[in-house]
Amino acid sequence: MPMSNAQIAQVFYRIAELLQIKGENPYRIRAYEKAALVIESLTEPIEKIYREGRLTEIPGIGQSIAEKISELIETGKLSYLEELEASIPAGVVELLKVPEVGPKTAWLVYKELGIKSIEELEEAARAGKLRNLPGMGPKSEENILKGIERLKRFSERVPLGIALPFARQVVEWLKERAPIDKIEPAGSLRRWKETIGDIDILVTSTEPMQVMDAFVSLPIVREVLAKGETKTSVVTEMGIQMDVRVVEPDCFGAALQYFTGSKDHNIHLRRIAQDMGLKISEYGVFRGDEKIAGVTEEEVYNSLGLPFIPPELREDRGEIEAAAEGKLPHLIELKDLKGDLHVHTKHSDGNFTIEEMALAAKQLGYEYIGIADHTKGLGVAAGQDEQEILQQKEEIERLNEKMEGITILAGVEVNIRMDGTLDIDEEVLDQLDFVIASVHSAFKQPKEVMTERICQAMEREVVDIIGHPTGRLIGKRDAYEVDTEILLDTAVRTKTILEINAFPDRLDLPDTLCRAGKGKGLKFAINTDAHSIDQLNLIEYGVATARRGWLEKEDVVNCLPLEELLKVFRRK
DNA sequence: GCCGTTTTCGGCCCGACTGTTTTCAGTCG
């Protein structure tokens, strides 16, 4: 079994953790973390890169790590990691998971008290044994207990679809309760990352303490972790940590840039600044004592000789290099979309009529809307059979004659059965404007079977789009076991469009596969999979995922005007 | 451990907050 990029990345993350405990040179630790991150975000299998002898061409991978990758690929294990594991008692690394506990504390409690697990740490803290350790006191003991409590209750990252509306609500509340000039969520939320570790909100105000007071007294605050003039951290009722930072107005751009991250993007920028003899912080870009930028983000990037880089790209996955070469993509925007091609109605498990969905789409400024209800194989969703599908098509034709300003497309979301066949006759599918095919059953098939199953569906000429191609539900269900390389290649060869499902639970295709697919010349459709009028608005999540995948409007078929789109559907 | 049209050695992003401290270490992002 070849090792996946993710598995190899995990090995280096593990090494970094172990080295932390050992108190190793922080930069050496950083190097392993950086290598793990870069491997994780590769768009091709690292094994292939290894076979072609290109490992050290990857930025952040040098001689030493390349050798370790070779060993992992060839033998499936790594002697260096085994030695490290042997030199540190199992369980001590686990302590790092506790907020407030870092490598120093973990090592201290192990050495002094022999603590090797979170349970033992909790016991010792409750027994008051920690307060007498050097550098610690009653407060730190209490904080460790609180940290353990927090870890037990909420260690998981929160899906973007929950964090974003929540953050927007808090922004509204703060505006009502304190004198605020500018306010903007930053962090991974602003980069539209699919899950959020904590929420950062950036504020400019002449009365920082009033903002902080208003913040900590919001009813959603469960616990205040820290409160100062410029930074306040709380844990909210739903368990997610939220930080508010207040800065001077003339720092807003620099602070927004800084707090948006990612960490790796910022470190890379700072290196560039350093090379130019500049210093960059959340307060601005400085040459000596002179501040040369900071009011806007654009100014910050420009001062480094770079164009503005959209937040969705800031993961240090080559965007800084692309910016320096003037090769940033012109990312797709919400306004580029001319329609949504995957919505459900009362004809299956949707909550509104075709007409109601169409009117709502018109309100959003769309030129067309694609109805794609479930088919009979999906009993739980009241899927339609052949006859019902044709009746629905007639209803759509009648509506199109009556309605103005929007065209309804008759489509379907047909099931890909276990054996790769479709659960609706192809003669019927042929009569529709377009066909989405999706997997809704037998998720646990072995990788080869699932890959073959989806590829077989793509080979059918009637199939235009594959719906939510990996099947993942973020935080709930992993993607099906599927060979994404074969999936993407088959989609390119058969000219099948892959969906970017905008449902925040799905965001499927994921951003990294969007980017890999674009590299192969693939086309995409950004769809909401809406079951109600309200859910049509989820499209912004799909656009964000496409942007994180470096997509431009030319890559996305529902940016085409109706006539062009229909040609694409007929091309197979 | 990585990296280099200033460098193959000597750097490596930068600051806030807290707690236990008499000036700073640890943690976090």
Side-chain angles (χ1 to χ4, degrees), chain A residues 12 15-16 19-38 55-69 80 95-109 130-144 146-147 150 186-189 191 196-202 208 212 224-235 241-247 251 254-255 257-286 304 316:
Chain A
F12 292 120
I15 291 175
L19 292 177
Q20 266 193 0
I21 299 279
K22 297 202 96 161
E24 257 287 355
N25 175 356
Y27 298 106
R28 194 167 164 227
I29 296 166
R30 178 91 207 122
Y32 278 108
E33 283 173 351
K34 174 76 195 169
L37 192 84
V38 80
L55 281 180
T56 51
E57 288 172 25
I58 304 170
I61 294 186
Q63 196 59 39
S64 168
I65 290 184
E67 279 168 19
K68 292 184 173 70
I69 295 170
Y80 177 63
L95 301 178
L96 294 181
K97 289 192 196 136
V98 179
E100 310 288 330
V101 177
K104 299 287 187 233
T105 309
W107 189 245
L108 179 74
V109 298
L130 299 184
R131 65 184 65 185
N132 298 324
L133 296 177
M136 298 190 66
K139 266 294 215 226
S140 11
E141 193 173 75
E142 193 188 322
N143 282 340
I144 285 174
K146 280 186 185 166
R150 207 142 41 95
S188 48
L189 200 66
R191 305 197 311 277
I196 306 299
D198 55 28
I199 297 173
D200 294 299
I201 295 179
L202 184 66
M212 297 315 194
V224 179
L225 299 172
K227 183 166 175 247
E229 270 236 321
T230 67
K231 176 187 168 179
T232 293
S233 289
V234 306
V235 180
Q241 183 175 326
M242 193 177 277
D243 298 350
V244 165
R245 320 264 183 161
V246 180
V247 298
C251 302
Q257 195 290 317
Y258 177 77
F259 291 118
T260 297
S262 68
K263 189 173 168 184
D264 293 280
H265 176 90
N266 284 356
I267 289 174
H268 194 156
L269 278 191
R270 273 146 212 260
R271 254 198 338 260
I272 291 176
Q274 230 171 19
D275 289 347
M276 295 171 71
L278 303 174
K279 195 186 73 159
I280 176 170
S281 76
E282 59 260 55
Y283 299 112
V285 182
F286 297 87
L304 302 177
D316 197 21

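Chain identifiers are assigned alphabetically (A, B, ...) following the order of the sequence lines, protein sequences preceding nucleic acid strands; residue numbering begins at 1 within each chain.
The partner of B/dC14 is B/dG29, by the rule that a Watson-Crick or G-U pair needs both atom distances under 3.5 Å.
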Protein-nucleic acid N or O pairs under 3.5 Å, nucleotides 3-7 of chain B:
unit_1 : atom_1 : unit_2 : atom_2 : d
B/dC3  : OP1    : A/G60  : N      : 2.6

All N/O contacts under 3.5 Å from nucleotides 19-26 of chain B to the protein, with atom names and distances to one decimal?
unit_1 : atom_1 : unit_2 : atom_2 : d
B/dT20 : OP1    : A/G137 : N      : 2.8
B/dT20 : OP1    : A/G137 : O      : 3.1
B/dT20 : OP1    : A/P138 : N      : 3.3
B/dT20 : OP1    : A/K139 : N      : 3.2
B/dT20 : OP1    : A/S140 : N      : 3.3
B/dT20 : OP1    : A/S140 : OG     : 2.9

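Nucleotide B/dC13 holds its C1' atom 13 Å from the CG atom of A/D316, rounded to whole Å. Protein atom CD of A/Q20 is 16 Å distant from nucleotide atom P of B/dG1, rounded to whole Å. Taking atom CZ of residue A/R30 and atom P of nucleotide B/dC14, one finds them 13 Å apart after rounding to whole Å. We find that NZ of A/K227 is positioned 22 Å from P of B/dC28, with the value rounded to whole Å. Atoms CG (A/N25) and C1' (B/dC2) sit 11 Å apart, rounded to a whole Å. Between A/R271 atom CZ and B/dG10 atom C1' there is a gap of 15 Å when expressed in whole angstrom units. At whole-Å resolution of the value, CD in A/Q257 and P in B/dG29 are 18 Å apart. Look at CZ on A/R270: it is 6 Å from P on B/dC14, rounded to the nearest Å.
Candidate nucleotides B/dC17, B/dG29, B/dG15 were compared by shortest atom distance to the side chain of A/E282, and B/dG15 ranks first. You'll find that the side chain of A/K68 is closest to B/dG1, out of B/dG15, B/dC28, B/dG1. Relative to the side chain of A/K263, the nucleotides B/dC13, B/dC14, B/dG1 differ in distance, and B/dC13 lies closest. Comparing B/dA16, B/dT18, B/dC2 by their closest approach to the side chain of A/A226 singles out B/dT18.
Between B/dT22 and B/dC28, the two C1' atoms lie 25 Å apart (nearest whole Å). With both ends at atom C1', the span from B/dT23 to B/dG19 equals 14 Å, rounded to whole Å. B/dT6 and B/dG11 have their C1' atoms separated by 13 Å, given to the nearest Å. On the P atoms, B/dT21 is 13 Å away from B/dA25, given to the nearest whole Å. As rounded to the nearest Å, B/dC12 and B/dT7 have C1' atoms that lie 14 Å from one another. B/dG26 and B/dT20 have their P atoms separated by 14 Å, given to the nearest Å. Spacing of C1' atoms, B/dT8 relative to B/dT18, comes out at 42 Å, to the nearest Å.
The residue A/K279 sits close only to the backbone: its heavy atoms come under 4.0 Å of sugar-phosphate atoms, none of a base. Counting non-hydrogen atoms under 4.0 angstrom, A/F259 reaches nothing in the nucleic acid. Here A/L269 lies out of heavy-atom contact (under 4.0 Å) with every strand. Within 4.0 Å (heavy atoms only), A/Y27 reaches at least one base atom of the nucleic acid. Residue A/D198 is classed as a sugar-phosphate contact, given heavy-atom separations below 4.0 Å to backbone atoms only.
Two residues, A/V98 and A/A66, neighbour DNA chain B, and the one matched to the more 5' nucleotide by heavy-atom proximity is A/A66. When each of A/I65 and A/G228 is assigned the nucleotide of DNA chain B bearing its nearest heavy atom, the one mapping closer to the 5' terminus is A/I65.
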For A/I144 and A/M136, what are the C-alpha separation, side-chain angles and deciding distance, and is it a side-chain contact (heavy atoms from CB on, under 4.5 Å)? CA-CA 11 Å; A/I144 285 174; A/M136 298 190 66; 3.5 Å; yes
Report the C-alpha separation of A/L278 and A/F286 in whole Å, then their side-chain angles, then the decisive distance to 0.1 Å, and conclude whether the side-chain contact (heavy atoms from CB on, under 4.5 Å) test is met. CA-CA 6 Å; A/L278 303 174; A/F286 297 87; over 6 Å; no
Would you please test A/T230 and A/V246 for side-chain contact (heavy atoms from CB on, under 4.5 Å) and show each step? CA-CA 5 Å; A/T230 67; A/V246 180; 5.6 Å; no
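Between A/Y283 and B/dA16, a side-chain N or O to OP1/OP2 separation shorter than 4.0 Å is present. At the phosphate of B/dC17, OP1 or OP2 sits under 4.0 Å from a side-chain N or O atom of A/T230. Between A/Q274 and B/dC12 there is a side-chain N or O to OP1 or OP2 distance below 4.0 Å.
With rounding to the nearest 0.5 Å, the separation of CG in A/N266 from CZ in A/F259 is 10.0 Å. Atom CG of A/L108 and atom CG of A/L133 lie 5.0 Å apart (nearest 0.5 Å).
Residues in residues 266-284 of chain A take part in no salt bridge (charged side-chain N to carboxylate O under 4.0 Å, His left out) pair, two or more places apart or across chains. Legend: salt bridge (charged side-chain N to carboxylate O under 4.0 Å, His left out) pairs involving residues 25-36 of chain A, not counting sequence neighbours, sorted by first then second residue: A/E24-A/R28, A/R30-A/E33, A/R30-A/D264, A/K34-A/D316.
With sequence neighbours left out, A/K68 forms a salt bridge (Lys or Arg N to Asp or Glu O under 4.0 Å) with no residue at all. Taking the salt bridge (Lys or Arg N to Asp or Glu O under 4.0 Å) definition, one finds that A/E142 meets it with A/K146, sequence neighbours left out.
Taking every heavy atom of both residues into account, A/E229 and A/P208 meet most closely at O-CB, 3.5 Å. Shown here for A/G60 and A/A35, the closest heavy-atom pair between the two residues is O-CB, 4.0 Å.
A/E141 and A/N143 are not linked by any side-chain donor-acceptor pair at a separation below 3.5 angstrom, with hydrogens and angles left out of the test.
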